[in-house]
Structures are given as C-alpha cells and as structure tokens.
Number of protein chains: 2
Amino acid sequence: MKQTANYPIAIVDDHFLFASSLSKLVNSYESFTVQFQATNGKDLQQKLETAEQLPKIILLDIKMPVMDGFETAVWLQEHYPDIKILALSMEDDENTILRMLRLGANGYLLKDIHPDKLKVALEEVIQKGFYHTEKVAEHLLHSLHQPAKPDKDDFRENELIFMQLASTEMTYSQIASEMNLSPKTIDGYRHELFNRLEVKNRVGLVMYALKNGLIEF
Amino acid sequence: MKQTANYPIAIVDDHFLFASSLSKLVNSYESFTVQFQATNGKDLQQKLETAEQLPKIILLDIKMPVMDGFETAVWLQEHYPDIKILALSMEDDENTILRMLRLGANGYLLKDIHPDKLKVALEEVIQKGFYHTEKVAEHLLHSLHQPAKPDKDDFRENELIFMQLASTEMTYSQIASEMNLSPKTIDGYRHELFNRLEVKNRVGLVMYALKNGLIEF
DNA sequence: CTCAAAAACAGGCAAAACCCCTTTTCCACA
DNA sequence: TGTGGAAAAGGGGTTTTGCCTGTTTTTGAG
C-alpha cells in the first residue's frame, strides 16, 4: 500500500443519491476520503461540531432546502475559515458563480464536468488553495463585459413586495390597499422601476423580476 | 467470489460527474454492472447500436440537452422495448412523473433518495418489471384529486405563439402585426384564453403559461 | 359541393395601465 | 431644531387593456 497524504472531505448535497455516488467516486481517489455527508447547511453545522476531525475541503451544493450553499458558505467563513469550499452546482448562471466566489468559495465546479476534473480540482485546492475550470473563468470574463445582473439587495423591501404582487392578477389599486399605501404611491413605484429597469410595462417588469430571481413564481 | 447473475446497466445523464459517480455506486452492487454512460438520448442511440450486449435497465435522466428523457423513452419503447427504463430525476412535479410513466418508464426515482433504494429499485425492476417509491405513489394519488395540469398539446400553435409574445413588452396591436393578424383576432385569442384558463388579465395569463411550461422565459 | 363549426375580424365602451408634473410627509443629521 | 432629500401622495391627462355583442371568412367532414 502506497503511503500518501489522505485528506478528509465532506459532501453537502440534498440529493442523497448524488451525494452517495459522489462519495464513492471521491473515495476511489487515493489521496482523498469522504469523512461525512450532509444534506444541507444545518446538517453540516451539527456534523462539524461533533466531528473528531475537520474536513480539509467541503464539496458544497448551492440549491438546498433549509440552509442553502450561500448561507452555508458565509457560516463556514465565519466559523471554520480554514476549511476550503468547493462549490458544486448545476447553475452556470454568472450571478450565482460570482456570488459564491465572493462569499469565499475556493472553486466552482459545474456538475457536468468530467470526474477526472474533480480529482484535479481537489488536488489543486489542497496545493494552491483554489481551482477554477475554464468554463467558469469564461463566464467570469463574460460577466465583465455584460452589465452586472441585479441582486435582491438592489431593491427596497417595498419594491420587492410590489413586484411580487405585480405578478398576480391584482390591479394596482388592489396592490395599493394590500400594501396599505395610496394608489399614487404604487404609481410611483411602478414609474421608478420602469425607469431603473428599462422596461415599458407591467409584463416587462414581471418578466425582468422573474428572470433575475427577484420574485417567486 | 460469489456467483450471482450480473445485469448490465446503462446510465443516461448529461451531468457527467453525477453519471460517473452513479456508475461507481452501481458497480458496487454485485448484481449490477454499468455497461456504458451516455450524456443524452442521441448519444444513447449510437452507443446502443454499437453495443455488443444490450443493457437490461437504463437509468434515464429527464432534463437533458439535445434529446431529453421523454423523447428518449419514446424512442426506446419503439426500438428496444425489452430494455427497462428507470427514470431518474430531480423533478417531483406530478405532470412530469405521469408523463414519464405513460411513456413507458418502469419506475421513477427522485434523485434525493437513499442509495439503498436504488439497489432495491434495480432488483425489483429485474424481478417484477417495475418499481415505484412511496413518494411517487403519493404524488400519483394526489394527482387524481388535483385537476390535470395542461400540456402544450392542449393549445393551438397560434395560441402558444400569442402567449409567448404576450410575455414581452409588445402591445396587443404590435403582437397582431408580428403574427400577421388583425388586432381583433388577437383580442379573440386573449378572450378565449382568459376564459379557458380562468385568468383575469395579461399578467395572469403569462404567469399561468410560465408555471405550466407553455412558454419560455 | 354543402354546410356547420372554427377561426378571424369588428365597433364600442369602461376600466386599468401608463405618464408627467406637483405637493405633502417623513426622517436623518448637521 | 430646522432643513434637505427621499418616499408618499395627488391631479389630470393619454393609451392600452379587457369585455361585451356581433359579422365575415376559412376550414374540413361527409
């Protein structure tokens, strides 16, 4: 048996089948061993507290119930800054990637990569501290030329509520009473948002909000 | 080494990392061996043609580029009716499940199941010819009480085009000229759809169409 | 070829959406 | 404490949408 360093890995993904399969794959790499799996951020918190040994790298899914990848990354940065985070996601949405990297992820892998890349990624994160695929780099470069997509933080609470309600069949005056505001204030919200987002009408506003994840549908 | 039956399996999933990981898992079951992986339906077609041995079961993802799970299931039914299909998806949307089962899938697994269930599912499909989790059964029972969600086939081509255009910032008269129809005809489409879909206005129509996958956004 | 169903088209009217500009209210902060 | 800027509210308009009640044209089965 060869004597090589063996790094403990944790996998956080709500898709149990995927997480388990991925474990098998990671365990087949001789330098890495999956220490535990968690199904969301909360679950991870508990498992880290009771762990006798901390994982070196956490493979972190983004879309999860209860506590998603973003929240988890923030929490990890605060409580376990030494653990490297490798985000693992299907979303190749530029905003998502950027957001995750800004939150301190040491790499961003798309779930459709070749398994060999995962091994390389793990190794590079251990050695260099980070890893990025060409695809992610490409996306990042692209996003430099593309105007930044908006975030929920770019809007006031009332604006978000208004947009959510604008996506229903309510008239503006109904929205006004729902929000305990004058119809004229709603008129103002609309005008302001139309201008800022460069949309021409209510449908345009709703589609914009949906496309950018500002409202649920 | 125990001497047990060994069934060949094929995996069709565009997420290469998941497919590869899943292979490891399936290969760890002594009665099953992954014969090949494909990244979409087209890819599967080619690999089946050149395969010296046909897989007994195909683990089939639904959302895939090029040729998705639905198309693939139809094609398989026609060309290789003996191969069992186990649909494997994240969507627990009732319509999707029903549609897949109607297209001849012998089982429907959600990607967040426990890996043990996959083993059971594979075994049962071999023995009984089908397998369904409680969750799927539950969804199916639920769908009996829930009115059936609409399909693209429930709409005429023009209605779908109209709905797609209604989700833009165009006015109805602009939509009319875009579709080379009189504004009054568009008026008629709208009236008809509002009635049938029980929506009150354009936003309601657009949201309905989006929720039911009738239009892209 | 015939005829009934459907699809397309139409006028008119009220309501809602949209637009521009002004005034009041509120609150942070100097 | 009063003041400047932002949020809220208002007045008064045009355009678009939504909803009737119809008529004409197209389509397709027999």
Side-chain angles (χ1 to χ4, degrees), chain A residues 147-148 150-217, chain B residues 147-212 214-217:
Chain A
D151 195 36
K152 277 196 182 179
D153 305 341
D154 300 335
F155 297 88
R156 282 192 303 282
E157 187 60 21
N158 264 357
E159 287 179 328
L160 291 171
I161 297 173
F162 166 67
M163 285 192 275
Q164 186 68 60
L165 293 174
S167 76
T168 70
E169 299 192 330
M170 278 190 257
T171 66
Y172 287 132
S173 23
Q174 287 172 328
I175 293 176
S177 34
E178 175 73 27
M179 292 181 71
N180 289 115
L181 289 170
S182 151
K184 279 300 174 177
T185 303
I186 295 299
D187 214 3
Y189 285 5
R190 177 172 45 96
H191 194 70
E192 161 70 10
L193 286 169
F194 280 16
N195 277 334
R196 254 168 60 206
L197 310 181
E198 295 177 75
V199 297
K200 290 189 181 64
N201 54 38
R202 184 162 166 177
V203 172
L205 176 66
V206 169
M207 293 301 285
Y208 179 96
L210 283 172
K211 278 179 193 159
N212 293 288
L214 301 174
I215 62 175
E216 317 286 322
F217 80 123
Chain B
K149 278 194 179 180
D151 196 35
K152 276 197 183 180
D153 304 341
D154 300 335
F155 297 88
R156 282 193 302 282
E157 187 60 21
N158 264 356
E159 287 179 328
L160 290 171
I161 297 172
F162 166 65
M163 285 192 276
Q164 186 68 60
L165 293 174
S167 76
T168 71
E169 301 192 327
M170 278 189 258
T171 67
Y172 287 132
S173 24
Q174 286 173 328
I175 294 177
S177 35
E178 175 71 29
M179 293 180 70
N180 290 116
L181 291 169
S182 150
K184 280 298 172 181
T185 302
I186 295 299
D187 215 4
Y189 285 5
R190 181 180 36 138
H191 193 70
E192 160 71 10
L193 286 170
F194 280 15
N195 278 333
R196 256 169 58 207
L197 309 182
E198 295 177 75
V199 296
K200 290 188 180 64
N201 53 38
R202 185 162 165 178
V203 171
L205 175 67
V206 169
M207 292 302 285
Y208 179 97
L210 282 173
K211 280 179 191 158
N212 293 288
L214 301 173
I215 62 174
E216 316 287 321
F217 79 123

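Naming: A, B, ... by sequence-line order, numbering from 1 per chain.
- Between the P atom of dA17(C) and the CD atom of E169(B) lies a distance of 16 Å, rounded to the nearest Å.
- No donor-acceptor distance shorter than 3.5 angstrom exists from the side chain of T168(A) to the backbone of Q164(A), with no hydrogens or angles considered.
- Comparing dG12(C), dA8(C), dA7(C) by their closest approach to the side chain of K184(B) singles out dG12(C).
- Taking only side-chain atoms of N158(A), from C-beta outward, the nucleotide of dA8(D), dG12(C), dA7(D) with the closest atom is dA8(D).
- Mapping P183(B) and E159(B) onto DNA chain C by nearest heavy atom places E159(B) closer to the 5' end of the strand.
- The side-chain contact (heavy atoms from CB on, under 4.5 Å) test with F155(A) is passed by exactly one of N212(A), I161(A), L197(A): L197(A).
- At whole-Å resolution of the value, CG in N201(B) and P in dT16(D) are 18 Å apart.
- Of the side-chain N and O atoms in S182(B), one or more sit less than 4.0 angstrom from OP1 or OP2 of dA10(C).
- Using a cutoff of 4.0 Å between basic side-chain nitrogens and carboxylate oxygens, E159(B) and R196(B) are scored as salt-bridged.
- Between the CD atom of Q174(B) and the C1' atom of dT16(D) there is a distance of 11 Å, given to the nearest Å.
- Following rounding to the nearest Å, L205(B) (CG) and dT17(D) (P) show an atom-to-atom distance of 13 Å.
- For E178(A) against M170(A), the heavy-atom pair with the smallest separation is CB-SD, 4.4 Å.
- What you find for A166(B) and L205(B) is that their closest heavy atoms are CB-CD2, 4.5 Å.
- If V203(A) and T185(B) are placed on DNA chain C by their nearest nucleotide, the residue sitting closer to the 5' end is T185(B).
- Considering only the side chain of T171(B), dT17(D) comes nearest among dA7(C), dA17(C), dT17(D).
- The structure places CG of L181(A) at 6.0 Å from CG of N158(A), a figure rounded to the nearest 0.5 Å.
- To the nearest angstrom, P of dC9(C) lies 8 Å from OH of Y189(B).
- The CD1 atom of I215(B) sits 4.0 Å away from the CG atom of L210(B) when rounded to the nearest 0.5 Å.
- To the nearest angstrom, P of dG18(D) lies 13 Å from CD1 of I186(B).
- Nucleotide dC19(C) holds its P atom 14 Å from the CZ atom of R202(A), rounded to whole Å.
- Side chain of Y172(B), nearest nucleotide from dT17(D), dA8(D), dC9(C): dT17(D).
- In this structure, M170(A) atom CE and dA15(C) atom C1' are separated by 18 Å, rounded to whole Å.
- Within residues 191-198 of chain B, the residues that have a heavy atom under 4.0 Å from DNA chain D are, in order of number, H191(B), F194(B).
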